[in-house]
Each structure stands twice: as structure tokens, then as C-alpha cells.
There are 2 protein chains.
Amino acid sequence: MYPCSVTNTSYSSSDYPDFAVTVDLLVFSVINKTLRILLIQRDEDPFRYSWALPGGFVHEEENLESAAWRELAEETGIANKVGHLEQLRTYGDAGRDPRMRVVSVAYFAAEYDLPEPQGGGDAKYAEHVPIVEIPNKSIKLAFDHRKILTDAVERLRNKISYTPLATQFCPEEFTIAQLRSTYDIIWRDTEKYLAGAKEHDDLRGPASKPFELKSARPHSFQPVAAPVALHLVTQPLKSEAPLAEKTSLSYLMQNEETSYAKLDPGNFQRSVLQVDGFLEPTGKKSSPSTSGGRPAELFTVGNLDQLSPPIRPKKPSK
Amino acid sequence: MYPCSVTNTSYSSSDYPDFAVTVDLLVFSVINKTLRILLIQRDEDPFRYSWALPGGFVHEEENLESAAWRELAEETGIANKVGHLEQLRTYGDAGRDPRMRVVSVAYFAAEYDLPEPQGGGDAKYAEHVPIVEIPNKSIKLAFDHRKILTDAVERLRNKISYTPLATQFCPEEFTIAQLRSTYDIIWRDTEKYLAGAKEHDDLRGPASKPFELKSARPHSFQPVAAPVALHLVTQPLKSEAPLAEKTSLSYLMQNEETSYAKLDPGNFQRSVLQVDGFLEPTGKKSSPSTSGGRPAELFTVGNLDQLSPPIRPKKPSK
DNA sequence: AAAATAGTGTCTTTTAGACAATATGCG
DNA sequence: CGCATATTGTCTAAAAGACACTATTTT
């Protein structure tokens with residue numbers, strides 16, 4: 001029942017405890033052939049200098065999803081509710097915030113062509129961090145954000161197989177090869193993240209060790225002084241190197257470009273075209289990149305929400 | 001970030017609004033060859049005499065999941081955290097409770113062999129309602145509970161295909177035929193519910209029409225005076241008619257037992273045994289039911305959490 | 001022409017489904 | 001035995017996968 005042992009129409013404050021409610025954002029993107037998550041660096045205790053998911057309090061009279069969109073705009077400069085945003089899960093364990101009782105609703109976003117991360121106005125740094133680096137380099141994440149991130153990575157990995165979610169990491173118009181590359185990258189990086197998370201994740205509670213300043217700053221930052229500038233999200237295709245060489249990890253990804261199970265181009269083509277309503281042809285053709293090759297057809301995503309049959313990762317050759 | 005434009009270690013109450021946090025329960029069960037959901041009938045405004053999901057406030061210092069287990073025990077008499085309980089989704093729209101701002105975390109439970117529903121102690125009726133009746137007979141659901149139920153039904157339908165969830169509706173030891181019947185019932189009833197929800201669901205907001213007392217009481221009730229009696233959950237197999245003839249709908253189900261796409265016994269057998277670790281043989285055999293037949297092997301569920309390949313519903317013959 | 005990428009054809013292997021056949025209990 | 005249900009076998013159709021081949025561009 002709703003009102004628990006209450007018989008009058010409105011509650012008195014003694015009947016239930018007060019909670020603070022926040023939204024946390026998991027902003028995924030594929031930049032420079034790497035699956036990334038937007039993290040900010042905290043400049044306040046607790047967890048000062050740790051990384052954390054962006055987020056903030058839900059306002060009074062504000063819907064949860066509205067709050068998530070608002071925070072997304074504030075943190076990424078995305079206007080007008082473009083891209084994909086869905087509720088992931090709610091985290092509300094009693095001890096998860098040392099200061100007070102906070103219930104946090106996590107939202108999951110998949111975005112293309114994000115502008116440079118913006119600090120929220122305060123002295124705060126933000127970065128699109130490659131997810132594969134998070135278990136390895138033992139980046140500290142504040143609160144229970146590591147658990148939240150792992151849940152989100154699992155969800156992402158599952159969801160691209162049976163929904164058109166992967167298209168959200170591509171531009172408005174894209175080629176089948178771009179889409180295939182997105183699948184390759186997400187399957188590769190999520191698999192690696194989850195493998196790393198499994199071993200590295202000693203399942204200690206959220207506030208485990210004292211934060212280490214040194215390891216909390218393994219990347220190069222772009223402190224941004226200006227307040228949130230709303231980059232509008234229209235750029236030409238093949239904007240395939242916005243953050244290149246900026247993070248210290250990009251080169252690493254290149255070196256590790258050893259073999260991982262990529263999808264077969266021919267079979268992938270058939271798979272996606274076979275799902276009726278998944279891809280809508282535009283009639284246009286892409287211009288081949290610098291290295292030449294036949295121009296590819298451009299597609300937009302249809303209005304389907306379930307792919308059947310699903311797009312599956314290639315089995316690891318036994 | 002967590003603290004939003006707050007620089008000191010603890011928050012002052014002006015920085016964020018207060019919310020009440022509740023858990024709502026979606027207790028599914030398969031009783032008398034029918035998929036059912038536990039609903040209570042409200043005896044207070046708002047939505048007096050409407051049906052609602054059971055639930056209640058989260059206590060201070062209590063984890064969300066603990067609150068859900070506590071409420072489940074209170075509402076169903078289930079002790080000791082048996083069965084399946086997982087978080088579904090959080091509902092927190094600003095206007096969803098007319099009295100105050102309530103954020104409600106919905107939890108999804110799949111239970112076998114539930115005792116008769118117990119009122120929470122107050123004058124409150126509870127019943128395991130067949131889900132197929134909810135759209136048809138236009139049973140009034142309070143708040144946004146119809147939306148929550150529909151989300152849960154979709155989740156249930158999806159989840160039995162790629163997890164061992166369906167086994168949670170069976171006894172500890174079960175035959176493959178029992179499991180197959182569970183799949184048949186869930187696929188049949190969820191399909192029917194969702195079809196009905198699609199048309200009946202004029203997408204008006206939560207508080208649509210005034211509640212009608214007559215249609216809010218289409219079933220026969222079992223008012224239970226005693227406080228929660230903790231039925232322990234061990235009964236022999238084939239307890240296949242606990243609520244028989246009690247609800248006014250049981251016979252309807254029998255009559256409507258016209259053809260729906262049932263799974264092929266032979267192929268189903270192979271499907272489930274093929275998934276390694278799904279079913280664990282016990283060595284024991286069931287005694288054939290009254291109608292005779294070869295005794296079947298008894299199985300328990302393994303400790304797998306993903307079925308691959310998934311168990312799929314039979315395609316409707318085109 | 002050579003290289004590179006897009007897209008198609010074809011063959012093989014695997015999986016799913018229909019349905020017959022056999023097994024094992026009961027009255 | 002005859003009935004009912006469980007379990008296995010067999011054949012067929014559909015899907016998935018490997019990989020060769022054709023197409024269209026750039027240098």
C-alpha cells in the first residue's frame with residue numbers, strides 16, 4: 001500500500017524519513033575508436049580528487065527524467081534532448097554517501113560527437129575516459145560509482161544486441177561500416193572492462209581506501225574556464241579524431257589494436273539489412289576516406305525499438 | 001558531480017528538496033495455470049477502493065532492497081528471503097502522488113506457492129489477480145501503478161527467455177513439463193495482457209477517471225483478520241489448484257483454453273537440457289499424476305544467470 | 001593498374017522445428 | 001492391454017558463418 005498505517009489524507013512528517021534524491025549520469029560515447037565514459041573530478045570532500053559520475057539533485061517539482069536531461073545539458077553542453085537517455089537503476093544504500101541519506105537514480109546516455117567536456121562552472125574537470133582504463137589503472141571512483149558503472153557497461157553490452165542503441169554512437173547519417181565499427185569497439189571494450197572489473201574488483205564497500213592523489217590524476221586535463229557553451233551537434237562525417245593524442249591513453253589503444261574478434265563485413269551487412277525497419281536508406285553516398293575505396297550508402301536509423309533477430313558478437317574462435 | 005554548487009562538507013537543507021521514498025512490489029506468481037499479480041485494495045483516499053501495488057516507505061538507515069524484502073514478507077508472509085527479487089525501475093514524476101513528492105522504487109518478485117494473501121493488519125484486502133483481467137475488466141489501479149505493472153510484465157516476458165527466472169515459479173524440484181507449462185502460461189498471459197493494455201490504455205495520466213466502486217470489486221475477497229502468519233514455503237509437488245474456483249475468473253481461463261501456441265514437448269526438452277548448467281538432475285522421479293503417464297525426472301535449477309541460447313516462444317503460425 | 005573499401009554470391013555448418021517412435025508408468 | 005505422459009530419434013527447413021567474388025572509388 002502507499003500510505004503505511006496512515007489514515008488521514010496527507011502525511012505528517014513523522015510517518016516517513018526524508019531523503020535527498022539525485023540523478024547520476026552515465027554518458028557513453030565512442031571517440032577515437034574507444035568507448036568512453038564522462039567522468040568529472042571532484043574538488044570537494046568526501047572523495048576529493050577522485051573521479052565521479054556527473055549528476056546533481058533533483059529539483060522540487062521536477063520529473064526524474066527532466067532532471068537527467070537538465071544535468072546532461074549542463075555537463076555536456078548538449079541542447080534539445082538529442083541522443084539516447086534511459087533510466088538505468090536506482091542506488092540508495094544507507095551508507096553510500098557519508099554525509100546523508102541520498103537516493104540516486106542513475107541514467108544512461110549514449111551520445112555522438114560530444115563537445116569537449118565542460119566543467120560545471122566550479123573548478124571542476126571533466127573528461128571522456130576510455131572505460132578499459134578504469135579497472136587497469138585503478139582509477140578511484142567516488143561513492144558506489146564503480147558498481148554503477150559496471151552495471152551500466154553490462155547494460156550497454158546487452159542492449160546493443162537487441163535494440164538500435166549502437167546507432168546513437170554514430171552521426172545522424174552513417175554507413176554500415178561505421179555502424180559495424182561501433183559494434184566492434186563496444187564489444188571489445190566492454191568485454192575488456194568487465195574482465196578487468198571482475199578481478200580488480202575486490203568487493204570492498206564503496207569507501208574502501210583513502211584516495212590517492214597521484215593515481216587520481218593519470219590523465220591530462222583540459223580545464224575549461226568558460227561556462228557551458230552549447231555546442232550544437234552537427235558536424236560532417238568522419239570526425240574520427242577529436243580527442244586524438246589528447247588523453248595519454250589513445251596511443252595505447254592503437255598498440256593494443258592486436259586481433260580481437262571483428263565482425264565479418266559481408267555477413268554484418270546482411271544481418272542489419274535483414275532486420276526490417278532498422279536502417280533507412282537515404283539514397284546518399286558517403287565520400288570515400290583518404291585511403292580510397294568504394295563509396296558507401298548512407299543510412300539513418302528507423303523507428304524500431306527491438307531488433308529481431310538480434311545482432312550478436314562474433315564467437316571467440318574456440 | 002554530487003554536491004551541486006556546495007562547497008562545505010555537509011549539506012544545508014536549503015540546497016536540495018526533501019523526498020519521501022517508497023518501494024512498490026510486483027509479486028508475480030503462477031497459480032492455477034494463470035499468471036497473477038498481488039494487488040491490494042486501498043481503503044483510504046486518494047484512490048480509495050482502487051487496486052494498488054503493495055509497498056511502503058523505506059525506513060531511515062534501511063537499504064532499498066532490504067525495504068523491499070521487508071515489505072514482501074509483510075505482504076505475503078514469505079520469510080527468509082526466498083524466491084527472486086530484483087529492482088525494476090524507479091518512478092518519481094512530480095505529480096504521481098497528489099499529496100506529496102514521492103519517489104517509488106519498484107521491485108519485481110517471482111514467487112512459488114504463496115500463502116493466501118494477508119492484509120497488512122489494517123482493514124485491507126489483497127488478492128493474486130490474474131493479469132489478463134486487468135486491461136479487460138478495466139480494474140482501476142491507483143497512482144501510476146498501471147504503467148508500473150505494464151513495465152513489469154514486459155520485463156517478465158523478456159527475462160524468462162534469457163535467464164532461469166521461470167524456474168522461480170516452480171517448486172524447488174520440478175519436472176521439465178512443469179517448467180514448460182510455466183513458459184506456456186507466462187507467454188500466453190503476458191501477450192494477452194500487453195495486447196489488452198495497448199488498446200485499453202488510453203494514455204491519460206495516472207489519475208484519470210473517478211474510481212468506480214462496482215468495478216473495483218469484481219472479485220471475491222478473502223478478508224484475513226489475523227496478522228501476518230509466516231507460512232513456510234515447502235509443499236509437495238502438484239499443488240496445482242490452491243485458488244481454484246475462488247476467483248471468479250478461473251473458469252474463464254478454462255473456457256478460453258482454446259488453442260494458443262504451446263511449446264513442443266520434445267524440442268523444449270532438448271532446448272533446456274542443451275543449456276549447460278541450467279537444470280541440475282536430482283536423480284529422483286516424479287510420481288505420475290492422476291491421469292497416468294510415465295514418471296518424469298525431477299530437476300533443480302542450476303546457478304546460471306544467463307541462458308544461451310535463450311528459450312524462445314513459439315512463433316505464431318503465420 | 002594497384003590498393004582500398006563496399007557490397008553480393010555461394011557453399012558449409014549449425015540450429016530450430018515438425019513430428020514419428022519408443023519408454024514407462026497407471027488402471 | 002490401453003491410455004497417458006516422458007523422452008528420444010529423425011528428417012527438413014531456416015539461419016549463421018566462412019570466404020570468394022564483383023563493384024567503385026583514390027592514387
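Reminder, nothing fancy here: chain letters follow the sequence lines and each chain counts from 1.
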Measure [atom1]/[X] against [atom2]/[N] and give the value in whole Å, please.
X: B:Arg180; N: C:dG17; atom1: CZ; atom2: C1'; result: 15 Å
X: B:Gln274; N: C:dT15; atom1: CD; atom2: P; result: 7 Å
X: A:Lys314; N: D:dG17; atom1: NZ; atom2: P; result: 9 Å
X: B:Ile176; N: D:dT8; atom1: CD1; atom2: C1'; result: 12 Å
X: B:Phe299; N: D:dA6; atom1: CZ; atom2: P; result: 12 Å
X: A:Lys262; N: C:dT5; atom1: NZ; atom2: C1'; result: 13 Å
X: A:Arg312; N: C:dT14; atom1: CZ; atom2: P; result: 18 Å
X: A:Glu297; N: C:dT8; atom1: CD; atom2: C1'; result: 13 Å

Under 3.5 Å: donor-acceptor pair, side chain of [X], backbone of [Y]:
X: A:Ser286; Y: A:Pro288; answer: no
X: B:Glu133; Y: B:Pro130; answer: no
X: A:Arg312; Y: A:Ser161; answer: no
X: A:Thr163; Y: A:Leu165; answer: yes
X: A:Arg89; Y: A:Asp151; answer: no

Start at the 5' end of DNA chain C and walk down; is the nucleotide closest to B:Pro310 or to B:Gly292 reached first?
B:Pro310
Judged by each residue's nearest nucleotide on DNA chain C, which is more toward the 5′ side, A:Leu273 or B:Pro288?
A:Leu273
If you only use heavy atoms from C-beta on, which nucleotide in D:dT5, C:dA18, C:dG25 is closest to the side chain of B:Ser291?
D:dT5
Nucleotide nearest A:Arg294 when distance is taken to its side chain, options D:dA6, C:dT5, C:dT24
C:dT5
Would you please classify the geometry between the B:Phe108 ring and the B:His84 ring as parallel, tilted or perpendicular, with 30° and 60° separating the classes?
perpendicular
Going by number, which of residues 263-270 of chain A have a non-hydrogen atom under 4.0 Å from DNA chain C?
A:Gly266, A:Gln269, A:Arg270
Which residue pairs pass the ring-ring contact (aromatic ring centres under 6.0 Å, His included) test when at least one of the two sits in residues 262-285 of chain A, sequence neighbours left out?
A:Tyr183-A:Phe268
